Chemist: 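I'd like to ask you about the structure that follows.
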Protein chains: 2
Amino acid sequence: MARTRHARLDCAPGCPVEGTLQMIDGKWKGVVLFHLLSGTMRFNELRRQLTNCTQRMLTRQLRELEADGLVHREVYPEVPPRVEYSLTARGRTLEPVLLALKAWGEDHVIAPEIPAGEVELTLVPG
Amino acid sequence: MARTRHARLDCAPGCPVEGTLQMIDGKWKGVVLFHLLSGTMRFNELRRQLTNCTQRMLTRQLRELEADGLVHREVYPEVPPRVEYSLTARGRTLEPVLLALKAWGEDHVIAPEIPAGEVELTLVPG
DNA sequence: GCACATAGTGTCAAAAAGGATACCGTTATG
DNA sequence: CATAACGGTATCCTTTTTGACACTATGTGC
């Protein structure tokens, strides 16, 4: 179970907002869910996308997402081990949320990714 | 400054998602921002909307939101004290995010508010 | 004087989240 | 045998967040 921010969510008209945040607010969950939007990924594949994410933390967050029914974990009987993660149907419904978060972040938190070879200088008022 | 989930946000394409979550993920921030969408509110007015929210926590979260430029705090030279909170222009840009969070929460986390007088029984499979 | 209204602040403790490290299991290969 | 690949787990520690409690400021009315 993800973090329990609120023991009960019948507090006010805004509670659904908090309820959703309760599902996705662990460190790395947002970006993990975002990556899985584009398709199934294996553990290390995911991890390589996440700079500075430890194995321990990734495992924890994935297990919580799985427990909350947002992520599906498929174990293949192979050696070396092969485990794939994908969004559940329920997890897929988070797409509008994730895209909204991404859009806002790009506009207000960090500069968007700049494709290689396309460098643009931006002057920031002193 | 709100919680520092990530020291740096240049880690991957999904980082804007984490960047936005970093701004709004304190307990009560989501629901506070949501309420302020509909207009300016005073401290206790806000608090009455938030079941179980302590004065201390509300103050803390409001101060963080203010520091991050999402909320404007207006102090009136009156007694009793009168302080009003409202969304900044920057805070207003979070509307799509907040509405997406609310929509998902209503559909997947909790039942939506039922207007008084309109009671509907829902059977949950054992 | 006291009580009331409003909106806090300071401080410490408890709870929760995140981090570090060592270790594990399986099979395949040289 | 050692090493590699992959995806973990256990355990303890550190840091952060939240909660509890006491206290604060101002003017007004009784």
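Throughout, a chain's letter reflects where its sequence line sits, starting with A, and its residues are numbered from 1. Please read all numbers here as calculations on a predicted model, not as lab measurements.
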Chemist: Check whether any side-chain nitrogen or oxygen of A:Tyr85 sits under 4.0 Å from OP1 or OP2 of D:dG8, and answer yes or no.
Modeler: yes
Chemist: Within the structure provided, determine whether A:His35 and A:Leu46 are in side-chain contact (heavy-atom separation under 4.5 Å).
Modeler: yes
Chemist: Can you tell which of A:Leu33, A:Thr88, A:Leu36, A:Leu87 makes a side chain to side chain contact (heavy atoms under 4.5 Å, CB included) with A:Leu65?
Modeler: A:Leu33
Chemist: Look at the side-chain N and O atoms of B:Arg73 and state whether any lies under 4.0 Å from the OP1 or OP2 oxygen of C:dG8.
Modeler: yes
Chemist: Got a sec, which pairs hit side-chain hydrogen bond (donor to acceptor under 3.5 Å, both in side chains) with one end in residues 37-47 of chain A, sequence neighbours left out?
Modeler: none
Chemist: Respond yes when some side-chain nitrogen or oxygen of A:Arg42 is under 4.0 Å from OP1 or OP2 of D:dG7, and no when none is.
Modeler: yes
Chemist: Measure from NZ on A:Lys27 to P on D:dT16 and round the result to the nearest Å.
Modeler: 10 Å
Chemist: Should B:Arg63 be listed as having a side-chain N or O under 4.0 Å from OP1 or OP2 of C:dG8?
Modeler: yes
Chemist: When you check the gap from the basic side-chain N to the acidic O, do A:Arg60 and A:Glu64 get nearer than 4.0 Å?
Modeler: no
Chemist: Does B:Glu45 or B:Arg56 map to a spot on DNA chain C nearer the 5' end, using the closest nucleotide for each?
Modeler: B:Glu45
Chemist: Taking for each residue the nucleotide of DNA chain D with the nearest heavy atom, is it B:Pro81 or A:Val83 whose nucleotide lies nearer the 5' end?
Modeler: A:Val83
Chemist: Return no unless some side-chain N or O of A:Asn44 is found under 4.0 Å from OP1 or OP2 of D:dG7.
Modeler: yes
Chemist: Check the distance between C:dT9's C1' and B:Glu64's CD and give it to me in whole angstrom.
Modeler: 15 Å
Chemist: Can you identify which nucleotide, out of D:dG19, C:dA5, D:dC6, has its nearest atom closest to the B:Pro80 side chain?
Modeler: C:dA5
Chemist: Nearest whole angstrom, please: distance from the P of C:dA17 to the CE of A:Met23.
Modeler: 14 Å
Chemist: Can you tell me which nucleotide in D:dT18, D:dG7, D:dA20 comes closest to the side chain of B:Thr54?
Modeler: D:dA20
Chemist: Output the rounded distance in Å from CZ (B:Arg60) to P (C:dA7).
Modeler: 19 Å
Chemist: Quick check on the helix from C:dG1-D:dC30 to C:dG30-D:dC1: what's the angle between its two end axes, five base pairs per end, to the nearest 10°?
Modeler: 30°
Chemist: Among the nucleotides D:dT26, C:dT27, D:dG7, which one has an atom lying closest to any side-chain atom of A:Gln55?
Modeler: D:dG7
Chemist: C:dA17 C1' sits how many Å from B:Glu18 CD, rounded?
Modeler: 14 Å
Chemist: Between A:Gln61 and C:dG18, is there a contact of a side-chain N or O with OP1 or OP2 at under 4.0 Å?
Modeler: yes
